[in-house]
Amino acid sequence: MNKSKKPVTSDKGNNEGFHPKEATVTVGNGGEWHQIATGDQPVLTTNQGLPISDNQNSLRANPKGPTLLEDFILREKITHFDHERIPERIVHARGTGAHGFFELTHSLEKYTTAKVLTEEGLQTPLFTRISTVAGGSGSSDTPRDVRGFAVKFYTKEGNWDLVGNNIPVFFIQDAIKFPDLIHAVKMEPDRGFPQAASAHDTFWDFISLTPESMHMVMWVMSDRTLPRSLRMIEGFGIHSFRLVNAAGESTFVKFHWRPKLGLQSTLWDEAVKIAGADPDFHRRDMFEAITTGCFPEWDLAVQLFSQEEADTFPFDHLDATKLIPEELVPLQVIGRMVLNRWPDNFFAETEQVAFCPSHVVPGIDFSNDPLLQGRLFSYLDTQLSRLGSPNFHQIPVNAPQCPFANHQRDGHMQMAQPTGRVAYEPNSLAIDSPHEQPVTGFYSTLIAESGAKGRIRAESFADHYSQARQFYCSQSSYEQAHLASALVFELSKLEHPHIRAAMVGHLRHIEEKLAQRVAFGLGMDDLPQVPTAAVAVQDLALSPALQLIGKMKDTLEGRMIGILLSDGSDAASIDEVKKAVLAEGAKVKLIAAKIGDVKLADGSMIKIDGQLAGTPSVLFDAVVILLSDEAAESLGNEAAAIDFVRDAFGHLKAIGIDNGGELLLKTAGITQDDGVFAVSNSLEHFIAASKTRQWEREAKIRTLA
Ligand code: HDD
């Protein structure tokens with residue numbers, strides 16, 4: 001018997017890994033793949049269970065001769081490999097998924113029969129996938145983009161999918177415009193670029209001709225689309241849904257996910273550099289958080305309102321380009337979601353998970369939002385094309401975790417083997433076969449509909465600028481500057497000046513000063529004409545809840561602090577900083593010019609987590625520079641070290657220093673400000689400042705629009 005723990009690899013064609021008498025291989029069991037073998041290692045087999053003796057050499061006519069068609073093992077392996085990819089999602093192709101649970105803390109029994117929302121204390125398993133929208137599956141994690149926020153609850157009454165975004169409104173009002181929107185934002189069809197970027201002509205051409213997108217554009221140009229971590233974004237169901245109670249009465253509901261860690265974003269320059277330093281920044285962050293037990297958590301909150309209340313809103317809640325300010329309808333927290341298990345296999349789970357807004361449970365129903373109505377068709381259709389079979393619900397990540405049965409049969413990749421002769425309902429031949437449940441089954445709310453049929457947009461959908469204005473005016477001055485600068489950046493990339501002009505024209509409806517800032521940034525001499533608005537722009541009450549900075553939490557939890565050190569650094573200082581940071585719930589990484597161990601001033605050795613050139617300061621929320629004087633001098637000639645401190649300063653981070661650190665800042669030409677701290681006597685101030693950004697610094701170092 002082969003006792004070696006090493007995988008059996010051989011180029012000699014030996015068969016030391018194969019022990020036919022000892023091996024058993026079982027395949028299947030509800031889609032799971034079990035290989036059991038006695039001996040130290042499982043036996044490598046073909047998909048038919050045939051033990052393989054040589055996985056290194058194909059079958060040749062002679063040692064230097066041609067490969068034979070007879071080699072069915074080679075053909076099976078290559079054929080499978082050739083078919084490994086399935087079509088990536090046309091949107092939201094790049095995503096990060098995790099398992100977890102939803103725990104209900106406040107029952108909504110008055111409003112709904114859905115058990116997932118009525119049984120207090122109940123933990124419902126779920127799978128959540130957070131994604132970017134525009135880029136392909138291999139694109140980087142940090143472009144300026146909306147983040148998809150999709151949750152599949154495996155409830156006792158079937159799967160409920162809440163398929164939302166991290167922005168509470170959408171670009172368009174009617175699903176018929178979705179293919180146009182996506183074609184405009186994706187890479188241009190003749191040239192195949194840009195990847196994962198909205199800063200190009202076709203996107204802004206479409207937007208400038210689609211005034212209903214203006215509110216969403218304000219959100220997309222804000223720092224909301226540059227999240228620091230997927231654990232630090234909000235999620236929104238966007239549309240109004242209906243909750244239906246036992247008496248058949250319905251109440252409108254909007255769903256909100258609120259991150260426990262608060263909101264936090266990167267700066268634009270930081271996001272761009274992170275894309276180079278670590279294209280998997282968000283996926284890695286989520287992986288590291290979950291696998292080290294720092295489970296990401298969100299509150300689920302609802303806004304509940306009646307038709308009568310909706311009639312008093314100065315907008316139509318069925319229009320997905322509008323939100324309901326929290327100040328108008330307060331949020332009620334009803335439970336929490338915890339993501340506590342990383343998938344075993346990325347493809348099987350994160351790639352194959354299939355969300356559909358049409359997946360609801362009894363007690364939850366749809367509204368007439370025309371965007372939602374179109375989505376109810378689109379997702380099922382997409383899953384058929386992506387996963388290739390109407391049996392996609394049998395894939396473990398998609399399968400309900402409650403009993404499910406019906407008379408649907410056969411189809412590609414059918415995994416179930418139903419017995420008996422009855423595959424129809426009603427029947428009298430198999431009384432124990434699935435029958436409809438008039439009382440507890442899903443029930444569509446009775447709604448009286450009236451009016452003329454036609455391709456008509458409701459007049460109540462005509463106001464495209466008021467909420468865009470409300471959003472912009474509700475932002476802090478820092479956020480307004482970032483938003484205006486983002487518009488300048490994006491529009492500056494356009495080849496066609498008329499699109500630029502058209503966009504600035506729209507901005508004049510939103511806020512004249514914003515239009516001026518952007519026009520100035522774009523070097524326009526005159527402001528373009530204001531386009532005709534269908535209805536007058538309203539001055540809505542400001543909503544501070546729309547700010548991002550206002551929702552940052554005064555915490556270091558979930559954050560990462562980088563300490564740059566060298567041979568000869570002071571061990572006690574490193575230790576003190578580490579202790580202080582860890583006590584606040586953040587993590588620490590040690591960076592030095594070389595990977596391996598560094599010898600500190602007291603002779604002790606310390607293990608380094610990242611090499612300087614590959615671990616720039618953009619990967620951290622705050623940095624500490626603890627260097628011997630000699631090291632500071634030699635790092636002064638090192639571009640990576642200069643970039644490290646310049647970027648940390650430029651990205652408004654708190655910086656902790658000792659003497660060596662001070663020397664390096666000087667060499668980098670940085671004039672110290674209130675966000676730079678000597679760790680020897682101001683460690684606690686450094687910690688406090690690390691919980692936020694040094695916003696006042698920005699105006700001194702960067703020209704914003
Ligand atoms: Fe969509 C995927 C969110 C409008 C058609 N969408 C998709 C995903 C999210 C959203 C999060 C990825 C799910 C996952 O992780 O697998 N989509 C939204 C939101 C919208 C929205 C919040 C507006 C409020 N979508 C929308 C419309 C249509 C689609 C109007 C078509 C009419 N969306 C799709 C799709 C996708 C999809 C093409 C691609 C992959 C998939 O469905 O499974 O069917």
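Residues take their numbers from the sequence shown, with the count starting at 1. In this text, all values refer to a predicted model and were calculated from it rather than measured experimentally. Remember, it's 1-based here, ligands and their atoms both numbered in the order they're listed.
- Between Phe241 and Phe366, the ring-plane angle classifies as tilted under the 30° and 60° cut-offs.
- Counting atoms of ligand 1 from 1 in the listed order, those under 4.0 Å from a heavy atom of His239 are 24 (C).
- Between Asp141 and Arg283 there is no salt bridge, since no side-chain nitrogen of the basic residue lies less than 4.0 Å from a carboxylate oxygen of the acidic one.
- In summary, Arg258 and Glu326 engage in a salt bridge, as defined by a charged side-chain N under 4.0 Å from a carboxylate O.
- Comment: Lys177 does not engage Asp174 in a salt bridge, judged by the lack of any side-chain N to carboxylate O separation of less than 4.0 angstrom.
- Close approach to Gly164 involves these atoms of ligand 1, each under 4.0 Å from a residue heavy atom: 3 (C), 11 (C), 22 (C).
- For atom 1 (Fe) of ligand 1, the set of nearby N, O or S atoms under 2.8 Å includes none belonging to Ser378.
- Using a 4.0 Å cut-off to heavy atoms of Ile90, the atoms of ligand 1 that qualify are 38 (C).
- Considering backbone and side-chain N/O atoms, Arg89 comes within less than 3.5 Å of an N/O atom of ligand 1.
- Remark: ligand 1 atoms within the under-4.0 Å shell around heavy atoms of Ile238 are 22 (C), 24 (C).
- Within the listing of ligand 1, atoms 41 (C), 43 (O) sit less than 4.0 angstrom from a heavy atom of Gln383.
- Closest to atom 26 (C) of ligand 1 by heavy atom, among Phe171, Phe178, Phe149, is Phe178.
- In terms of protein heavy-atom proximity, atom 6 (N) of ligand 1 is nearest to Tyr379 OH, 2.7 Å.
- Contact check on Arg224 versus Glu234 returns a salt bridge, with a Lys/Arg side-chain nitrogen under 4.0 Å from an Asp/Glu carboxylate oxygen.
- Residue Asn165 touches ligand 1 through backbone and side chain together, judged by heavy-atom distances below 4.0 Å.
- Between Ser131 and ligand 1, no pair of N/O atoms sits closer than 3.5 Å.
- Where the criterion is an N or O separation shorter than 3.5 Å, residue side chain and backbone included, Arg129 meets it with respect to ligand 1.
- In Val163, the parts holding a heavy atom less than 4.0 Å from any atom of ligand 1 are both the side chain and the backbone.
- Rounding to the nearest 0.5 Å places NE2 of His215 at 5.0 Å from CD of Gln467.
- Relative to the ring axis of Phe355, Lys152 places its NZ or CZ within 45° and under 6.0 Å from the centre.
- In this structure, the side chains of Val302 and Lys254 stay at 4.5 Å or more apart for every pair of heavy atoms.
- Cation-pi geometry between Arg336 and Trp298 is not met at under 6.0 angstrom from the ring centre and within 45 degrees of the axis.
- Listed by atom number, the atoms of ligand 1 under 4.0 Å from Phe355 heavy atoms are 13 (C), 14 (C), 15 (O), 16 (O).
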